[in-house]
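A short write-up of the structure that comes next.
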Amino acid sequence: MIYILDTADTKKIARCCEFYPIDGVTTNPTIISKEHEDFGKLIKAIRNIIGDERMLHIQITASTCADIIKEAQAVQEYVGGNLYIKIPISAEGLKATSALKKMGMKVTETAIFTQQQALIAAKAGADFVAPYVNRLDNIVSDGVNVVLETVELLKAHNLDTKVLAASFRTVEQVHKIALAGTHAVTLNPALLDALIYHPLTETAVQGFSNDWKSIYGDKKILDMLK
Ligand code: E4P
């Protein structure tokens with residue numbers, strides 16, 4: 001599983017990269033605008049924290065093929081490293097996807113809500129397709145099923161495109177898309193913390209500590225191996 005952070009908050013990115021096995025960061029205009037910072041400075045700061053090897057998925061704001069390509073080239077030049085240009089799916093976006101792939105750039109097709117959007121984006125050459133699970137669940141649709149069938153379609157048609165499942169509110173959603181065989185997931189830091197939390201784990205660790213102290217007091221393993 002590829003774990004990506006869905007935030008542009010540099011403090012949270014630094015903390016998550018220190019403790020979790022993080023493969024990259026995704027942003028979109030909403031996530032960027034929450035930080036109230038200069039766009040260029042912010043994406044450079046994120047790149048400095050995560051390094052050149054981790055993936056950075058930056059969403060463009062242009063809507064025509066020609067402008068998407070110009071923005072993609074500018075972002076590539078500015079931020080460098082392992083970069084994916086996020087493009088919301090549209091006819092212009094698909095044209096830009098094919099063009100950017102021919103130019104050697106990497107693309108994540110985003111704002112995916114159906115299996116067929118994902119399939120055609122894959123055919124256009126997208127490296128990742130990003131279905132929005134929670135936004136589908138919110139309208140009583142089935143986000144997990146869209147991810148599951150997208151994984152199956154890509155396999156059935158021998159396409160190398162990976163599914164980057166996005167938009168989550170619950171650990172249960174993350175668990176179900178992992179079972180469905182998704183390749184990658186992008187999560188906000190709070191959900192990443194929730195992923196490793198269990199009250200019984202805390203109880204178990206407290207029990208270990210109490211039992212040790214009842215016999216050895218405050219001594220630690222290192223004190224006892226001198
Ligand atoms: C990621 O690529 C998406 O932009 C993001 O996950 C959308 O999530 P939201 O539904 O929480 O805004």
Side-chain angles (χ1 to χ4, degrees), residues 1-10 12-13 16-17 20 22-36 39 42-43 46-47 50 54-63 68 71-72 75 79 82-90 93-94 96-97 100 105-115 117-118 121-122 124 126-148 150-151 154 161-178 180 182-195:
M1 174 68 88
I2 296 170
Y3 288 101
I4 299 184
L5 288 170
D6 204 21
T7 181
D9 181 321
T10 49
K12 289 180 180 169
I13 292 170
C16 288
C17 285
Y20 294 116
I22 297 298
D23 298 292
V25 167
T26 48
T27 71
N28 63 34
T30 305
I31 287 171
I32 293 282
S33 60
K34 275 184 193 157
E35 302 308 312
H36 298 271
F39 173 71
L42 185 55
I43 59 172
I46 295 172
R47 173 55 85 207
I50 68 175
R54 286 193 181 97
M55 294 182 263
L56 180 53
H57 299 245
I58 303 275
Q59 191 165 323
I60 44 76
T61 57
S63 54
I68 291 170
E71 281 192 4
V75 171
V79 82
N82 189 5
L83 180 74
Y84 289 77
I85 301 298
K86 270 177 86 185
I87 305 176
I89 186 157
S90 69
L94 289 174
T97 299
L100 288 174
M105 294 178 73
K106 292 182 277 196
V107 175
T108 296
E109 212 82 17
T110 194
I112 297 285
F113 289 92
T114 72
Q115 301 84 330
Q117 286 178 322
D127 298 276
F128 285 98
V129 286
Y132 286 14
V133 176
N134 190 63
R135 292 195 196 193
L136 281 164
D137 289 353
N138 270 349
I139 56 160
V140 203
S141 191
D142 188 347
V144 171
N145 188 51
V146 170
V147 171
L148 189 147
T150 299
V151 170
L154 295 177
T161 305
K162 291 185 168 65
V163 177
L164 167 52
S167 178
F168 291 97
R169 286 297 170 276
T170 68
V171 170
E172 182 66 6
Q173 288 169 329
V174 178
H175 172 60
K176 284 186 173 154
I177 62 93
T182 194
H183 312 94
V185 65
T186 186
L187 302 172
N188 67 63
L191 197 48
L192 201 59
D193 288 336
L195 217 54

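Ligands are counted one by one from 1 in listed order, and the atoms in each one are counted from 1 as well. In this text the structure is predicted, and so the values were computed from the model without any measurement.
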Next item on the list: Can you measure from CG (Leu164) to CD1 (Ile2) and round to the nearest 0.5 angstrom?
Entry: 8.0 Å
Item checked: Heavy atom of Asn134, distance to ligand 1 below 4.0 Å -> no
Note to self: So for Lys86, does at least one of its heavy atoms come nearer than 4.0 angstrom to any atom of ligand 1?
What the structure shows: yes
Margin query: Can you see whether Tyr132 engages Thr110 through a side-chain donor-acceptor pair at a distance of less than 3.5 angstrom?
Written below: yes
Checklist line | From CA spacing to verdict: side chain to side chain contact (heavy atoms under 4.5 Å, CB included), Tyr3, Tyr20 | finding: CA-CA 9 Å; Tyr3 288 101; Tyr20 294 116; over 6 Å; no
Next item on the list: Report the part of Tyr132 in contact with ligand 1, treating N, CA, C, O as backbone and CB onward as side chain, heavy atoms under 4.0 Å; options are side chain, backbone, both, neither.
Entry: side chain
Note to self: Under 4.0 Å, heavy-atom basis, I'd like to know which part of Ala130 is in contact with ligand 1: side chain, backbone, both or neither.
What the structure shows: neither
Notebook entry, point to check: Take atom NZ in Lys12; do more than 12 heavy atoms of anything else shown fall under 6.0 Å from it?
Noted result: no
Checklist line | Top protein contact for atom 4 (O) of ligand 1, by heavy-atom distance | finding: Asn28 ND2, 2.6 Å
Item checked: Nearest-contact summary for atom 5 (C) of ligand 1 - protein heavy atom, Å -> Asp6 OD2, 3.0 Å
Next item on the list: Name the orientation class of the two ring planes belonging to His57 and Phe128 (parallel below 30°, tilted from 30 to 60°, perpendicular beyond 60°).
Entry: perpendicular
Check: For ligand 1, which atoms, with element, lie under 4.0 Å from some heavy atom of Arg135?
Finding: 7 (C), 9 (P), 10 (O), 12 (O)
Item checked: Where ligand 1 meets Arg169 - atom numbers and elements under 4.0 angstrom, heavy-atom basis -> 11 (O)
Next item on the list: Applying side-chain hydrogen bond (donor to acceptor under 3.5 Å, both in side chains) between Asn82 and each of Lys106, Arg47, Arg54, report the one that passes.
Entry: Lys106
